[in-house]
2 protein chains.
Amino acid sequence: MEETFVVQALSALAQRNRLQLFRALVVAGPEGLTPGALAEALAVPGATLSFHLKALLQAGLISQERRSRNLIYRADYAQMNGLLGYLTENCCQGQPCTALPVPACAC
Amino acid sequence: MEETFVVQALSALAQRNRLQLFRALVVAGPEGLTPGALAEALAVPGATLSFHLKALLQAGLISQERRSRNLIYRADYAQMNGLLGYLTENCCQGQPCTALPVPACAC
DNA sequence: GCCATATTTTTATGATCATCGAAATATGGA
DNA sequence: TCCATATTTCGATGATCATAAAAATATGGC
């Protein structure tokens, strides 16, 4: 995993609106959510929401699919797991650590 | 875990210098590293380094201890694990997921 | 007490980010 | 084709961040 990608992904998550957005999508699971549903859930104006969804999308943390008139956003669990794993890589030079279970979400 | 803390921690990690700093401390393990060693390892001026160490410290991701003339910085593994767990909390409403192993580093 | 070393704080500058109203665009149905 | 709905892009504003030189501070040894 690229350091540049990791920084971008962490930047994307390091903001209240976007963190809530991402978590909502993580909880929603494979069905995902539309911008409309998210805007209502988080009580954020459409333009602001779109701005933040774009950031998460460009960071590769969520995906977008058109479903007729709606868009559907979903969390990208693979990227998320890669990101989490990166932070603990080579922890303690392997020495006194419990073998690092990379956090897995297999939705 | 507080959302405010999570955002601050993610912000702290969402920067190249700080990410490298944190990872270096994660790899270093319980012995930690001094600012001098870190400055040399990352090739960053002292003032810049100190600025970033402070951010990680205030975010609770690392700890500081004075050891005579040197300071020693260490990664805070508990906070890191809490942070990682937060991102996957309530994933997919519990449904089709492999039970979430929270990533553990027990250094 | 005084010096050398290690580290932090101050300060200034330029760069990037968050917000959201208004305008623009896409989509499906009539 | 034309309208209504869903969503995004544009644009302006204020706020926050990264950098690093220079000055300030802490520590231990002499």
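Here is how names work: the chains are called A, B, and so on, in the same order as the sequence lines, proteins then strands, and each is numbered from 1. Note that this is a predicted model, so its numbers are computed, not measured.
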Could you pull out every donor-acceptor pair under 3.5 Å between side chains of residues 27-37 of chain B and any protein atom, sequence neighbours left out?
from	atom 1	to	atom 2	distance (Å)
B:Thr34	OG1	B:Ala37	N	3.1

Tell me which pairs pass salt bridge (Lys or Arg N to Asp or Glu O under 4.0 Å) where either residue lies in [range], with sequence neighbours left out.
{"range": "residues 48-73 of chain A", "value": "A:Glu65-A:Arg67, A:Glu65-A:Arg74"}
{"range": "residues 9-21 of chain A", "value": "A:Arg16-B:Glu3"}
{"range": "residues 19-30 of chain B", "value": "A:Glu89-B:Arg23"}
{"range": "residues 5-15 of chain A", "value": "none"}

> If only side-chain N and O atoms of A:His52 are considered, is one of them under 4.0 Å from the OP1 or OP2 phosphate oxygen of C:dC17?
Replying inline: no

Rounded to the nearest Å, what distance is computed from the [atom1] atom of residue [X] to the [atom2] atom of nucleotide [N]?
{"X": "B:Leu56", "N": "D:dC17", "atom1": "CG", "atom2": "P", "result": "14 Å"}
{"X": "B:Leu21", "N": "C:dT7", "atom1": "CG", "atom2": "P", "result": "13 Å"}
{"X": "A:Glu40", "N": "D:dT5", "atom1": "CD", "atom2": "C1'", "result": "15 Å"}

> How is B:Arg67 classified with respect to the nucleic acid when contacts are heavy atoms under 4.0 Å: base, sugar-phosphate, or nothing?
Replying inline: nothing

> Which parts of residues 4-17 of chain B get close to DNA chain C, meaning a heavy atom less than 4.0 angstrom away?
Replying inline: none

> In the 5'-to-3' direction, what one-character label does each nucleotide of nucleotides 7-16 of chain D receive under the scheme B = base within less than 4.0 Å of a protein heavy atom, S = sugar-phosphate only, - = no such atom?
Replying inline: SBB-------

Check side chain to side chain contact (heavy atoms under 4.5 Å, CB included) between [X] and all other residues, then give those that pass, not counting sequence neighbours.
{"X": "B:Ala59", "result": "B:Gln8, B:Ala12, B:Leu61"}
{"X": "A:Ser11", "result": "A:Val7, B:Ala14"}
{"X": "A:Asn17", "result": "A:Gln15, A:Val44, A:Thr48, A:His52"}

> If we fit an axis to the first five pairs and another to the last five of the helix from C:dG1-D:dC30 to C:dA30-D:dT1, what angle do they make, to the nearest 10°?
Replying inline: 30°

